[in-house]
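Structure record follows, encoded as structure tokens.
Counting starts at 1 for both ligands and their atoms, in listed order.
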Amino acid sequence: MLSITKGQVIQTALPQPPKPGLSAEAFAPSNIALCKYWGKRNAELNLPVNASLSISLGDLGSRTQIQPADEDQVWLNGERLAPESSFSRKVISFIDLFRRGLQQPVRVDTQNTIPTSAGLASSASGFAALMLVLNNFYQLNLSTQQLSAFARMGSGSASRSLFNGFVEWHKGHRDDGMDSFAEPLSQTWPGFCIGLLKLCTTEKKVDSRAGMQRTLESAPLYQAWPTQAAQDLQTLKQAICRRDFTRLGETAEQNALSMHATMIASWPPLLYWQPESVAAMQRVWALRAQGTEIYLTMDAGPNLKLLFQEADRGAVMSVFPELQAVDIVAPFD
Ligand code: 2P0
């Protein structure tokens, strides 16, 4: 059976034509997954194999504006991008899903408030902010669940970037994916810190989309991943309810390393780590062995994200002086 297309899903949800306004602006935060999204059951709609859980990064994210223009224009951090660039094409084809034949070119400006030195991908916050401006600009009146499900069609992790704090993305079961959206958890955790440790500037050769596909198709270890991810998600939610930092940190670190183990066991092998990544892991483990509660997580790249609590900030900074204060975010302050 042929899979439902993004256009069909949107046409069904939005039978009325779009009504463009004068302009719109929105912000969406970046997010770091504690239980990772790795693997799609439907690549057209970015429907995940497993549910995931993230924490949003406060005011680090993407601010996007849209307005009518003489021709379609995509701007990123103050620079106009070539129409054939991959970012421009992704943005315009996402807008086309909602513009639906309306002959009105637009200019879209995105400013990322994530320092480029932080080593964070911006597709999650970028597509979430774009979804929010499209909802306002075309007066779509989408519900929060629809906003998240549609942002997911731009980039899976964007479904989680519409909210602050801890966020769970339900994997859903429907063929059209409308039950695969994210929701914020009600719990907060003052003093919860994330440090972004940028280690390498080399651009990765295999992006997440291709990496997931390769893992799913070729890694025998991947069979164990959906079960582990489901268990980790429950453990993390319980740890958040109890503010049990040890349980949360251990589970998040093991989840990230398990995801990487499945990638490494792909063919051809997929190793995002660099020697600097392994050296930094050893420093995290050495600091932990000395009694500081610090844990690591990693995404599809060589950089580390460190999890710790405000009380340990001094100890963490003394071992990782390159974790600049600006890179440390307490999402609930
Ligand atoms: C995550 N990652 O949960 C996981 C962990 C990377 C490693 O979500 O193909 O850019 O656009 O749905 O959302 C990155 O994947 O991929 C990601 P697409 P996306 O944060």
*What class does the angle between the rings of Trp273 and His260 fall in, given that below 30° is parallel, 30 to 60° is tilted and above 60° is perpendicular?*
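Taking His260 first and then Trp273, their aromatic rings sit tilted (interplane angle of 30° to 60°).
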Under 3.5 Å, is there a donor-acceptor pair between the [X] and [Y] side chains?
{"X": "Thr297", "Y": "Lys36", "answer": "yes"}
{"X": "Gln213", "Y": "Glu217", "answer": "yes"}
{"X": "Arg100", "Y": "Gln11", "answer": "yes"}
{"X": "Arg214", "Y": "Ser266", "answer": "no"}
{"X": "Asn31", "Y": "Ser161", "answer": "yes"}

*Would you please indicate if the ring centroids of Phe98 and Phe137 are separated by under 6.0 Å?*
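When the ring centroids of Phe98 and Phe137 are compared, they turn out to be at least 6.0 Å apart.
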*asked:* Is the distance between the ring centroids of Phe320 and Phe308 under 6.0 Å?
replied: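 No, ring centres 6.0 Å or more apart.
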Should [X] be counted as touching ligand 1, given the test is an N or O pair under 3.5 Å?
{"X": "Ser157", "result": "yes"}
{"X": "Lys36", "result": "no"}
{"X": "Cys35", "result": "no"}
{"X": "Tyr37", "result": "yes"}

*Any idea which of Gln213, Met212, Lys40, Arg160 brings a heavy atom closest to atom 9 (O) of ligand 1?*
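Checking each option, the heavy atom nearest atom 9 (O) of ligand 1 is found in Lys40.
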*Have a look at ligand 1 and work out which part of Ser52, if any, has a heavy atom under 4.0 Å from it: side chain, backbone, both or neither.*
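For Ser52, there is no contact with ligand 1 at all, from either part.
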*Heavy-atom contacts under 4.0 Å between Ser155 and ligand 1: side chain, backbone, both, or neither?*
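The answer is both.
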Would you mind listing which atoms of ligand 1 come within a distance below 4.0 Å of any non-hydrogen atom of [X]?
{"X": "Ser208", "answer": "6 (C), 14 (C), 15 (O)"}
{"X": "Ala33", "answer": "1 (C), 3 (O), 20 (O)"}
{"X": "Gly156", "answer": "11 (O), 12 (O), 13 (O), 18 (P)"}
{"X": "Ser123", "answer": "10 (O)"}
{"X": "Asn46", "answer": "12 (O)"}

_Nearest-neighbour protein heavy atom for atom 5 (C) of ligand 1, which is reported as residue plus atom name and distance_ =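 For this ligand atom, the closest protein heavy atom is Asp299 OD1, 3.4 Å.
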*Could you tell me which residues satisfy side chain to side chain contact (heavy atoms under 4.5 Å, CB included) with Lys6, sequence neighbours excluded, listed by chain and number?*
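Applying side chain to side chain contact (heavy atoms under 4.5 Å, CB included) to Lys6 gives Glu44, Leu45, Leu97, Met153.
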